Structures are given as structure tokens and as C-alpha cells.
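Notes to accompany the following structure.
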Amino acid sequence: MVTDGLKDLREKIRHSTAHVMADVVKQLYPDVKLAIGPPTADGFYYDFMVATPFTEEDLEKIEKAMQKVISNDLPFIYSEYSRDEIVDMNQSEPLKLEVISDIPEDEIISTYSHGEFEDLCAGPHVESTGDIPVFKLLNVAGAYWRGDENRPMLQRIYGTAFESQDAMDEHLGRLEEAQRRDHRVLGRELDLFSIHEETGPGLIIWHPKGARVRSLFEDFWRDEHYKRGYDLIYTPNIGRENLWRTSGHLDFFQENMFAPSETDAQNYYLKPMNCPFHIMYYKSSLRSYRDLPMKVGELGTVYRYERGGTLHGMLRVRGFTQDDAHIFCMPGQIESEIDSVLDLTFDLLQAFGFDDYTMNLSTKPTKAVGSDEQWEVAENSLRKTLDSRGLEYEVEEGGGAFYGPKIDVNIRDAIGRSWQCTTVQFDFNLPERFGLNYIGEDGDSHQPYMVHRAIFGSLERFMGILIEHYGGAFPTWLAPVQIKIIPIADRHIEYGIALRDQLSERGIRCEIDDRSERMNAKVRDAQLAKIPYMFIVGDREVESKTVGVRLRSGEDLGAVALNEVLERIVLEVEEKIT
RNA sequence: GCCGACGUAGCUCAGUGGUAGAGCAGCUGUUUUGUAAACAGCAGGUCGUCAGUUCGAACCUGACCGUCGGCUCCA
């Protein structure tokens with residue numbers, strides 16, 4: 001539990017550590033120009049402009065020198081300056097001068113100093129460098145000045161600092177835990193997926209076990225959508241240039257699209273989104289108000305050109321399948337439609353054990369299409385729906401896409417990390433561009449409202465999140481193999497095969513380990529494969545027509561009648577127990 | 001795309017100018033086993049790719065491809 005007081009203390013410690021770091025960097029490398037060094041959620045960083053980037057060895061050197069400054073216990077001293085004075089003091093620090101010029105006229109300009117080092121800073125800080133209990137420098141990375149890729153690349157040193165060794169150890173332990181759960185490593189170890197230089201970066205090969213998990217949550221997704229009145233369709237992977245002209249993607253999204261291929265003197269583009277195809281379906285027939293709301297969904301595979309440096313396992317790829325759907329409705333139907341999307345969202349996500357959410361509402365940006373009235377109706381209906389559910393959310397003013405406002409849902413995983421999956425976006429652009437309409441009760445033609453929404457977001461990304469969330473130990477309902485049958489000696493294989501056939505017959509995913517290995521080795525391999533149940537069969541079990549049940553946790557349930565343990569497994573699957 | 005690091009067998013890694021090695025995995029044989037690794041043997045690599053330096057390159061240089069940590073962007 002992190003109280004506000006503790007949060008403030010940590011912020012002070014980290015900010016102060018950043019100053020100490022800047023101090024020693026300046027001493028060790030006098031040519032370095034200082035940028036900024038704020039505390040962050042988990043630590044701090046400081047950006048430096050430097051001719052030769054820092055190395056790991058530099059970090060060690062810096063860390064040692066910092067220890068010395070800390071043990072010298074130098075007090076942090078607060079001072080205020082006039083604008084002229086501070087500009088004067090920072091003549092050799094061009095980046096600081098830029099920061100200073102951005103400080104509003106009426107604001108007090110202050111610094112904190114310790115020893116010989118003085119840095120422009122609003123504070124607050126701890127009393128003295130000696131009040132920094134523990135810190136650690138973590139890594140060095142490039143970062144653009146002011147986050148703008150057109151500006152110079154600075155060198156950023158990341159570090160962390162805490163009020164106690166225990167707290168820091170816990171934090172570093174969490175980082176290690178995240179590493180242990182890395183879906184790229186588990187994906188290989190558990191034989192779930194692979195990525196190949198030969199096929200191309202950011203393109204996923206789903207192996208049978210990974211594909212099994214995917215098809216399980218896809219089936220769940222389909223069932224829930226059919227139940228709630230969605231129609232599911234299939235659409236192509238490529239489309240003609242004109243389609244993407246009409247949709248506006250060639251104007252606004254082209255840099256994220258793969259280059260076209262020319263066939264029959266026509267340019268075809270791989271689809272980066274499914275919406276134009278769903279719109280074609282809408283337009284395939286004259287629509288009446290009686291047809292609305294119309295909810296059209298698809299597990300649609302899209303391809304987007306992502307810059308090389310951004311790709312990351314399954315979490316950031318170039319080819320992915322969206323659990324996409326488009327809702328066409330009348331203005332009066334918006335609220336209940338948004339509401340039912342949220343219902344669906346929480347029902348789906350909870351099945352995976354995600355029950356901690358944060359939500360964002362993004363409103364009209366300065367450059368936008370659609371009338372103010374449309375935006376107001378849409379934003380209000382999003383707000384109202386969130387409010388009526390008593391959900392807390394952050395409003396990101398101006399954070400919406402140019403074509404409409406949106407709600408994003410972030411889920412928190414088993415080790416407290418937040419992931420954005422669900423997005424619900426209004427679109428005032430495409431209905432206009434494609435001239436969508438329906439015949440109203442009044443006999444006139446009207447333009448429908450259109451909402452894009454994806455719950456999982458991308459199946460690849462969702463799979464990556466699931467792997468890390470479960471640490472590879474999928475709950476029984478999702479486990480690619482639910483039971484491993486382990487015959488102790490070859491004479492027990494026959495009984496094992498009979499068991500397997502019986503279980504498969506009942507729809508249970510079950511394998512038998514009939515290698516001529518020792519039982520210990522088979523148990524170990526099943527354990528490493530994170531299979532939820534092991535059925536060990538030897539003379540005793542054959543004799544008593546039972547199975548020796550060992551759980552993934554290591555717990556040994558002893559010899560159990562098949563029906564008894566099956567009841568437990570079926571319940572776990574049906575209730576989607578995580 | 002940008003900054004930095006890295007790329008040797010399926011995996012994890014050793015090998016800093018003289019023609020490539022280990023463990024695990026794989027295959028074969030022996031073993032028939034009671035809750036996290038039996039034993040032995042065999043096989044496996046144009047050292048990311050292409051060019052250059054050199055009598056000689058896994059090793060030095062360059063370009064490209066890919067991966068990793070970040071930045072930027074985002075499902």
C-alpha cells in the first residue's frame with residue numbers, strides 16, 4: 001500500500017537522486033549539457049546532451065561517485081532568482097535556457113543546490129544528500145529532446161531510488177518477475193508461437209498450442225457476440241486503391257500502410273483496418289431504421305507498417321487480428337449501445353481474471369471532422385454511460401481521434417501492470433465519406449452514427465498479455481493441454497491410452513507421455529510445460545481403476561476416481577475459474 | 001525511423017587473427033522406473049547476409065538484415 005505521504009517522500013528522494021546524478025555527470029564529463037531530470041512512477045531519469053553516449057562502465061563510475069556525494073551529506077539549498085539572474089547563470093546550458101524561456105512570466109524561478117551543483121528546479125527535495133537511503137542506476141537509452149523526433153537525441157540515464165533497501169528490493173524483484181513472465185521467452189519454452197527473420201519482422205507464426213489457446217478465446221468471443229445480437233462476417237485482406245481514397249486512409253494513414261501491389265493496372269492495398277469492408281456490407285442493401293442498431297463484427301486480420309524500432313514480440317506487430325465490430329445506429333440508440341459494449345467488455349475480460357480497470361475518455365481535438373453538435377451528443381453519451389455505471393475515468397481533453405471521441409479501457413494484470421485493450425470510438429468521418437444512410441420512420445434518408453469497437457484489441461497483443469498475466473500457466477479452461485497422463489512403466493501405457501481416449505471423447509485436452517523415460521522426468525517435463533493436471537498411472541491405479549492426480553501447484557491428491565476428478569475439471573472449465 | 005548494445009548448433013552460452021566447443025534438447029541402444037532431470041553412444045554449425053582488409057577472418061572495417069533497452073508512435 002503506497003500512501004500519499006510515501007508517494008511524496010519517494011518523489012523527493014528520486015528528484016534529489018536525479019540532482020546528485022546530474023552533479024557527478026557534470027563533474028566526470030564537463031562538456032555535457034544538462035536537459036531535465038524528473039522523478040517517474042518507478043524512479044527517475046536525467047537527460048544529457050553529450051558527444052559520446054554513456055556505456056555500462058560509465059554508469060558504474062557515475063554510481064560510485066554518487067555514493068560519495070550522498071555520504072558527504074550535503075544539504076539541499078533552495079534559492080529564488082530573477083529571470084535575468086537565472087539566464088545569466090545558465091549561459092553554458094542551452095537546454096536549460098530553453099526550459100527557462102518556457103516558464104510563465106509570473107512564476108517564481110527557483111533552484112536547488114547541493115555542494116557546488118545548482119540546478120533549476122521547483123522542488124521539493126529531501127533535506128540533504130544523506131537523506132537518500134538507496135538508489136540504483138538501471139540503464140541508459142536515447143531520448144529525443146522534449147520527446148520530439150525532429151530535435152536532437154539526448155542520452156537518458158534511468159535509475160530508481162527508495163526510502164528503504166526492502167522497498168527497492170521489492171521493486172527490483174517485480175522487474176525480475178516481469179522478466180520471468182516475458183511472453184517472448186515463455187512463447188518459445190511453451191511452444192506457443194515464433195517469429196522469423198525469413199517471414200518478416202512483426203509477423204507471428206502461431207504454433208499448435210498457441211493456436212489452441214487462441215481458438216478457445218475466439219470461440220468464447222464469438223459465442224458472447226452472437227448472444228448479444230452481433231452478426232459476424234468475413235472480409236478480404238486487400239482492397240483497391242479507390243476504397244482507401246474514399247475512406248481517407250490514403251490521406252491520413254498511408255504511412256502506416258504497406259506499399260500497394262499492382263494487378264490489372266489497379267493498386268491493391270493490404271488492409272490496415274476493417275471498417276471500409278464492414279461499411280460495404282452495410283451499403284449492400286437499402287437500410288431502414290428497423291435494421292438499426294446494426295452490429296457487425298469480425299475477427300479481421302490487418303497489416304500495418306510499424307517502424308522497425310517499435311516492434312516487440314506479440315505485443316507490437318505488423319500483422320494482427322482485431323476483434324473488431326462496427327455499430328451503426330440512430331442518435332437515440334447511442335447510450336444503450338455504448339452501455340452494452342461496456343457490458344460485453346467487462347464480461348469478456350473478467351473471464352480472464354481481469355477485474356481491475358482504468359478508463360479514459362478522450363474528447364474533441366482542435367482538428368476534427370463532424371459538427372460540434374455531433375461531438376457533443378457523442379461525448380455526452382459516453383460520459384453519461386460511464387457515470388451511470390459509477391465508473392471512474394480520466395478525461396483526456398482533445399485526446400480523441402480527428403473523426404470522433406472515444407473510451408479506452410485499461411486492464412491491470414497479475415503483477416500490476418496496465419495494458420490498453422478495449423477501445424470504443426465514434427466515427428463521424430466514414431458515414432459521411434461513404435454516404436451511409438437509412439430510411440427513417442419519417443420516410444426520409446438519414447445518416448447513421450457509427451461506432452468502432454474492439455474488446456481484446458488485437459488477438460496477438462491479447463495473447464502476449466495473457467501469457468505474461470498467467471506467467472504461462474493458463475487456467476484450465478484455456479490450457480492447450482489440460483491433462484498429461486504419465487504411465488509409470490510401459491505396462492501402464494495401455495491403461496493410459498484408454499484413459500486418454502475416454503477423456504478426449506469428453507472434450508478434454510489430454511496427452512499421454514509414452515516415452516521410455518523415468519516417471520520423475522515425465523513429471524518434470526509436464527511441470528515445466530505448466531500443464532494443470534497430471535494423471536499418474538501405475539500398478540495401484542490400474543488395479544483400483546483410479547488416477548494419481550498431481551496438480552501444477554505440486555499438490556498430490558493421491559489416487560482418485562476418474563469421475564471425481566473430472567467433475568472438478570469440468571467445473572473449472574465451465575466456470576472459467578482462473 | 002532515431003540513440004546505444006547485440007547476432008556462434010533447436011535453446012542457453014564459451015571461443016579476440018591460424019580453419020569451431022560445452023550443457024540441455026534431438027536420434028539410437030540399454031534401463032521399466034511411484035511425484036521436478038537414468039546411463040551410454042551418435043548426429044548436429046557456409047559463426048545473420050554481403051562486401052572489404054589480410055598469406056589467412058567467428059574474431060578487424062563498412063553496408064544491409066534482424067533482435068534487445070529506450071525515444072517516438074500505437075491495437
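The structure presented is a predicted model; accordingly, all values stated were derived computationally and were not measured. Here is the naming used below: chain letters follow the sequence lines, and residue numbers restart at 1 for every chain. All values below were derived from every heavy atom in this structure, side-chain atoms included, with hydrogens, water molecules and symmetry-related copies excluded.
The residue among A/Ile195 and A/Arg188 whose nearest nucleotide of RNA chain B is located toward the 5' end is A/Arg188. Mapped onto RNA chain B by nearest heavy atom, A/Gly313 and A/Phe54 fall at different nucleotides, with A/Phe54 at the one closer to the 5' end.
Among the atoms of the strands shown, base atoms are found under 4.0 Å from some heavy atom of A/Glu541. Among the heavy atoms of the strands lying under 4.0 Å from A/Arg491 are primed sugar atoms or P, OP1, OP2 only; no base atom is included.
Shown are A/Gln322, A/His326, A/Lys406; of these, the side-chain hydrogen bond (donor to acceptor under 3.5 Å, both in side chains) with A/His452 is made only by A/His326. The side chain to side chain contact (heavy atoms under 4.5 Å, CB included) with A/Arg304 is formed by just one residue from the set A/Met257, A/Met273, A/Arg318; it is A/Met273.
A donor-acceptor contact shorter than 3.5 Å is absent between the side chain of A/Gln155 and the backbone of A/Asp47. Using a distance-only test at 3.5 Å, with no hydrogens or angles considered, no donor-acceptor pair links the side chain of A/Lys295 to the main chain of A/Glu337.
The existence of a salt bridge linking A/Glu177 and A/Arg181 is confirmed by a sub-4.0 Å separation between a basic side-chain nitrogen and an acidic carboxylate oxygen. Between A/Lys484 and A/Glu511 there is a salt bridge, since at least one side-chain N of the basic residue sits less than 4.0 Å from a carboxylate O of the acidic one. A/Arg515 and A/Asp525 are joined by a salt bridge, as a carboxylate oxygen and a charged side-chain nitrogen come within less than 4.0 angstrom of each other.
Annotation for A/Leu459 and A/Arg214: closest pair CD1-NE, 3.7 Å, computed over non-hydrogen atoms.
Applying the 6.0 Å contact sphere to NZ of A/Lys26 captures more than 12 heavy atoms from other residues, nucleotides or ligands. For A/Glu494, the CD atom is loosely surrounded, since the number of other residues' heavy atoms within 6.0 Å does not exceed 12.
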5' to 3', nucleotides 69-75 of chain B under a 4.0 Å protein heavy-atom cut-off (B base, S sugar-phosphate only, - none) gives BBBBBBB
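Residues from residues 510-524 of chain A lying near RNA chain B, meaning a heavy-atom separation below 4.0 Å, are A/Ser516, A/Glu517, A/Arg518, A/Met519, A/Asn520, A/Ala521, A/Val523, A/Arg524 in numerical order.
Taking atom CD1 on A/Ile493 and atom P on B/U33, their separation rounds to 13 Å, with Å as the unit. Following rounding to the nearest Å, A/Leu551 (CG) and B/A36 (C1') show an atom-to-atom distance of 15 Å. In this entry the distance linking OH of A/Tyr533 with C1' of B/U35 reads 17 Å, nearest Å.
With distances taken from any side-chain atom of A/Gln155 to the nucleotides B/C3, B/G34, B/U35, the minimum falls on B/C3.
Taking atom P in both B/G44 and B/A22, the straight-line distance is 13 Å, to the nearest Å. B/G26 and B/A9 are spaced 11 Å apart, taking the C1' atom of each and rounding to whole Å. Between B/U16 and B/C6, the two P atoms lie 15 Å apart (nearest whole Å). Atom name C1', nucleotides B/G69 and B/C11: the rounded distance is 22 Å, in whole Å. Comparing the P positions of B/G23 and B/A40 gives a spacing of 11 Å, expressed to the nearest Å. Nucleotides B/C47 and B/G7 are separated by 10 Å at their C1' atoms, to the nearest Å. Rounded to whole Å, the separation between the C1' atoms of B/U54 and B/C39 comes to 49 Å. Remark: the separation of the P atoms in B/G45 and B/A20 is 13 Å, to the nearest Å.
For B/A38, the paired base is B/U30 (Watson-Crick or G-U wobble, both distances below 3.5 Å). Across all strands shown, B/G70 is found opposite B/C2 as a Watson-Crick or G-U wobble partner, with both distances under 3.5 Å.
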